[in-house]
Amino acid sequence: MADTPWWASEDVWRKWAIWVTAFMAVVLIFLTFDTVATITAGGERVPGYDVINKRIYYTFNAERNMQEPVIGGDAPLFGETLGAEEAEALVTLGKLTVQSKNCMNCHTLLGNGAYYAPDLTKAWLDPAWGAESVREQLMVTFLMDPTTNARTYGTGRRMPQLDLTEEEAKGVVAFLKWMSSIDTNGFPKGFTPIRQEESS
Amino acid sequence: MNIGALNSANLNAGQKVAVKYFVVAMVLFLAQCLFGLIAGLQFLKPDFLYNVLDFNVNRMVHINAMVVWMLFGFIGSVYWLVEEESGVELVGAKLANLNFWVLTLAVAVVVVVYLFVQTGPGTKETIWLINEGREYIEAPRWADFGIVVCVLIFFYNVAATFMKGRWSGISGVLVLDLVALAGLYLAGMFYTTNISVDQHWWWWVIHLWVEATWEVLVGCIMAWGLMKTLGARRKIVTTWLYIEVALMFGSGILGLGHHYFWIGTPEYWLSIGGFFSALEPIPLVAMVVHAVYDSGAHKFKNSNHPALAWLIAHAFGNFFGAGVWGFMHTLPQINLYTHGTQWTASHGHLAFFGAYATIIIAMIYIAIQKWRGDVWMSGDMPDKGWKWKWSLALLNIGVIGMTVALLISGYEQSFIERALGGSTWAAYFSGQTQPWFIQGMHWRMLFGWVTTAGVVLLLWDLATIGSKETRRSIDPVTAAEMSPAAA
């Protein structure tokens, strides 16, 4: 219709739809290249897998106004320093186990998943494990028999029996240790880590 | 033609395929509710089915049944309208039929494995054969490939039919949207140890489906549905559709950034994600204005009361569930406290129901009407239409009730666990055992039963509505009136 104002014109809005979509898609693609480069393991925000040989703790960065992970001195997992490839293999076994056992449909990882069980983002650093010296073994023992070793904190919720082997359990612990070193922009809010020998 | 009797002779080839998809969609809708009830009950009685059918399995089936029934609903809706919209017969009706059975069989196998095998050892074989363990896209990798092949066949059928017939604004947007929808699924089909990279691409599938391409797809269905039920003018619904696409993709594509706040991705996403996702409700406001204005302009005179009621429920449900409930916790300053709490569950329930369940139900009512020979489905139905009215009420009250209950639990959780407790496991459990949290879980359970009662009544209504009717639909919108040439 000749008397249709421009702002009600089908043609005008079709062009807007096309150009806006194309522009936003191009911006997203550029940002994606930058983001993926930043989050590659070994990059500035996501440490390499051999970080499991080191102590991980948190300090408050006043400039960013958030807690951030710090990689400290040697603290080999299960008393054994692993090479880069061995470390990656162990963390990979852990990640595969986390997926294969469907952990994400009870827990959250990096805050994503289900809300029946606690977040695993900083599980490695959680004060619930008591002392640094017994943490690794406690985690393995718990993962291999969560029914018997259940700690429900008054909720009655217990982790199911998922038949993890000792190797898988160690892999999961390695994965959790590596995940706790990721810089998550201060998530979860105000996290209070376990007391460790070397921390600020 | 015998009005009121279910007769496939009333349907064109695309519609015959569509009703099959709709039937499976509704069965899965009921399954979604049943597994949701079990999962909700486990919050209250954690020993219920412990080590038999654990929460992680029930929750996975609950959300997967939802994703699949909605996909079936969308595919059915597109097959429903493709012949009327293109003006020609579906190019591959037999292929579409075969595709339906293959896809349905694959879904059945996946569900049986979910329920009876559940998990496997920490190997890639488990991911290929049993369960991928990534929320929403848990389907094992073999099924991923099956889904891609089936979606490509569906896409070929739809695109080729439009190419053979005529194009319209709606079909143009629809076909381009399907390309994006199918392509995005590929972003979730790989394994990586790096969880930041994993979740980065995982969100490409989840967000760019749910908050972008699915929204545009329902925009197309809404446009067609308003023409069908109200006789709204094609030029008006098409113009609105373009506005919605511009606003939806304009805000939703970079709105992806609100999932990149805390997964290891760079800090600039805090600003980009916060800003663009805060704009995401705007197109949903446009859809409400559009639907209500069109209905008012036609004085609500329409050929299918239940369908129009569900279309209006969609407009408001989409705005409140996806828009308002999403906006409430989309800014990073708030999301830092709410991310990974029952806030998200609250938002998820209202958004998926309001944005998607509603409009698929509307399409199924449109389908039933024609399947029974353009039967009367306006006012003064033989039984006063009590079943559709009560199922509409029960479903909306049930879902809104669950949403509010979960939100109260979520507020409590973010307060105790995050703001006060220091986000440790002890803080998490402290939040979970607070009376207000537990009360929220009880109310969610109650409203879950209300929702399920609504689904049962809906299924009963869909099976029976119009069966005792002898009148033909008033003001049926003819194919000629619907054609793009009539715009």
Side-chain angles (χ1 to χ4, degrees), chain A residues 8 10 13-14 16-17 20-21 24-25 27-28 35-36 38-39 41 45-46 91-93 95-102 104-106 108-116 118-119 126-128 153-158 160-162 168 171 179 182-192, chain B residues 43 46-47 50-51 54-56 59-60 119-124 126-127 131-135 138 169 193-197 199-200 235 238-239 242-243 245-246 249-250 253-254 256 260-267 270 336-337 339-342 345 418 422-426 428-429 432-433:
Chain A
E10 193 179 330
W13 283 106
R14 181 171 52 231
W16 270 103
V20 167
T21 304
M24 291 300 172
V27 173
L28 177 63
T35 297
V36 170
T38 314
I39 61 177
R45 298 179 62 91
V46 180
V91 175
T92 298
L93 174 63
K95 172 73 163 19
L96 281 169
T97 305
V98 164
Q99 287 187 225
S100 299
K101 303 298 181 186
N102 199 8
M104 200 180 184
N105 269 304
C106 282
T108 44
L109 296 94
L110 304 177
N112 293 309
Y115 321 114
Y116 191 71
D119 184 49
D126 201 280
Y153 294 85
T155 61
R157 291 181 220 160
R158 287 175 294 168
Q161 196 62 261
L162 294 167
E168 286 174 335
M179 183 162 65
I182 296 173
D183 186 338
T184 53
N185 289 338
F187 177 85
K189 168 68 183 167
F191 179 69
T192 322
Chain B
F43 264 97
D47 287 336
Y50 174 68
N51 275 340
D54 288 301
F55 182 88
N56 61 341
R59 203 266 189 172
M60 171 174 63
T119 59
T123 60
K124 286 196 175 163
T126 299
I127 286 169
N131 177 349
E132 202 185 323
R134 296 162 81 205
E135 190 189 11
E138 288 91 344
T193 296
N194 185 335
I195 192 157
S196 292
V197 173
Q199 293 199 356
H200 174 270
K235 192 175 178 61
T238 308
T239 306
Y242 290 139
I243 294 172
V245 171
F249 284 146
I253 290 177
L254 291 181
L256 172 64
Y260 291 165
F261 294 161
W262 325 117
I263 65 167
T265 33
E267 269 182 74
L270 296 171
L336 182 58
Y337 294 88
H339 177 55
T341 70
Q342 297 291 345
R418 299 275 166 78
S423 303
T424 59
W425 286 11
Y428 168 84
F429 284 111
Q432 302 289 307
T433 47

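- Among the candidates Thr424(B), Val245(B), Thr126(B), the residue making the largest number of heavy-atom pairs closer than 4.5 Å to chain A is Thr424(B).
- Contact annotation for Asn112(A): both backbone and side-chain heavy atoms come within less than 4.5 Å of a heavy atom of chain B.
- At a 4.5 Å heavy-atom cutoff, the contact between Asn185(A) and chain B is made by backbone and side-chain atoms alike.
- Side-chain contact of Arg134(B) with Gln199(B): a donor-acceptor pair under 3.5 Å is absent, judged by distance alone.
- Your options are Val20(A), Thr108(A), Thr92(A), Ile182(A), and the one with the most heavy-atom pairs under 4.5 Å with chain B is Thr92(A).
- A distance below 6.0 Å separates the ring centres of Phe55(B) and Phe43(B).
- With chain B as partner, the option from Thr155(A), Thr38(A), Val27(A), Val98(A) having the largest number of non-hydrogen pairs under 4.5 angstrom is Thr155(A).
- Only the side chain of His200(B) has a heavy atom closer than 4.5 Å to any heavy atom of chain A.
- Options Thr123(B), Leu270(B), Asp47(B), Ile253(B) differ in how many heavy-atom pairs under 4.5 Å they form with chain A, and the most are formed by Ile253(B).
- With a 4.5 Å cut-off on non-hydrogen atoms, Ile39(A) touches chain B through its backbone and its side chain both.
- Among Thr119(B), Thr239(B), Asn56(B), the residue with the largest count of heavy-atom pairs under 4.5 Å with chain A is Asn56(B).
- Interface residue Ile195(B): backbone and side-chain heavy atoms are both found under 4.5 Å from chain A.
- Residue with the most contacts toward chain A among Gly250(B), Pro266(B), Ser196(B), Gly340(B): Pro266(B) (heavy-atom pairs, distance under 4.5 Å).
- The contact between Gln161(A) and chain B is made by backbone and side chain atoms together, counting heavy-atom distances below 4.5 Å.
- With a threshold of 4.5 angstrom between heavy atoms, Val46(A) approaches chain B through side-chain atoms but not through N, CA, C or O.
- For Phe249(B), the parts lying under 4.5 angstrom from a heavy atom of chain A are both the backbone and the side chain.
- Heavy atoms closer than 4.5 Å to chain A are found in the backbone of Phe261(B), but not in its side chain.
- Contacts of Asn131(B) with chain A are made by both backbone and side-chain atoms, with heavy-atom separations under 4.5 Å.
- Both the backbone and the side chain of Glu132(B) come within contact range of chain A, with heavy atoms under 4.5 Å apart.
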